Amino acid sequence: MRTKVNYRNELKDWLERDDWTDWYALTLTMCQYRKLPNGTFEKLDETKASRNLRYFLARLNNTYFGNAYRRKAYKRMAKRIAVILY
């Protein structure tokens with residue numbers, strides 16, 4: 001079972017690699033509240049933020065890789081580090 005220490009060590013090892021060419025960074029800001037049809041407001045929580053990010057990444061991968069992303073045999077997708085801050 002993976003623990004926080006294992007994740008931290010794996011991330012540290014991955015970040016200390018030598019080749020950092022051809023990398024891009026993207027910062028997304030999500031709305032903290034959304035207005036529902038009945039006039040009330042709904043607060044963004046971790047589940048909704050995760051779902052929103054997963055939807056965005058699926059569209060990004062589909063646009064960039066096309067059929068290679070859709071066909072799971074190719075296993076093509078953008079490598080990413082996702083961080084959700086509150």
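Quick caveat, the model's predicted, so the values are computed rather than measured.
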Hey, are the side chains of K43 and R34 touching, using non-hydrogen atoms and a 4.5 Å cut-off?
-> no
Check for a donor-acceptor pair, side chain of N61 on one end and backbone N or O of Y69 on the other, with a separation under 3.5 Å.
-> no
Same cluster for L53 and Y64 if Ile/Leu/Val/Met/Phe/Trp/Tyr side chains link at under 4.5 Å?
-> no
State whether a side-chain donor-acceptor pair under 3.5 Å links T40 with N38.
-> yes
Salt-bridge contact K48-E42 (side-chain N to carboxylate O under 4.0 Å) | yes
Keeping to residues at least two apart or across chains, list the salt bridge (Lys or Arg N to Asp or Glu O under 4.0 Å) pairs with something in residues 55-68.
-> none
Quick one: closest heavy-atom pair of M30 and A49, and the distance?
-> CE-O, 3.6 Å
Do F56 and L28 have side chains that get closer than 4.5 Å, going by heavy atoms?
-> yes
Out of curiosity, R8 CZ to D13 CG, how far, rounded to the nearest 0.5 Å?
-> 13.0 Å
So CG of L11 and CG of N6: to nearest 0.5 Å the spacing works out to 12.5 Å
Check side chain to side chain donor-acceptor pair (under 3.5 Å) between T63 and all other residues, then give those that pass, not counting sequence neighbours.
-> none
Side chains of L26 and R80: does their closest heavy-atom pair fall under 4.5 Å?
-> no
Output for pair (L57 CG, N62 CG), nearest 0.5 Å, gives 12.0 Å
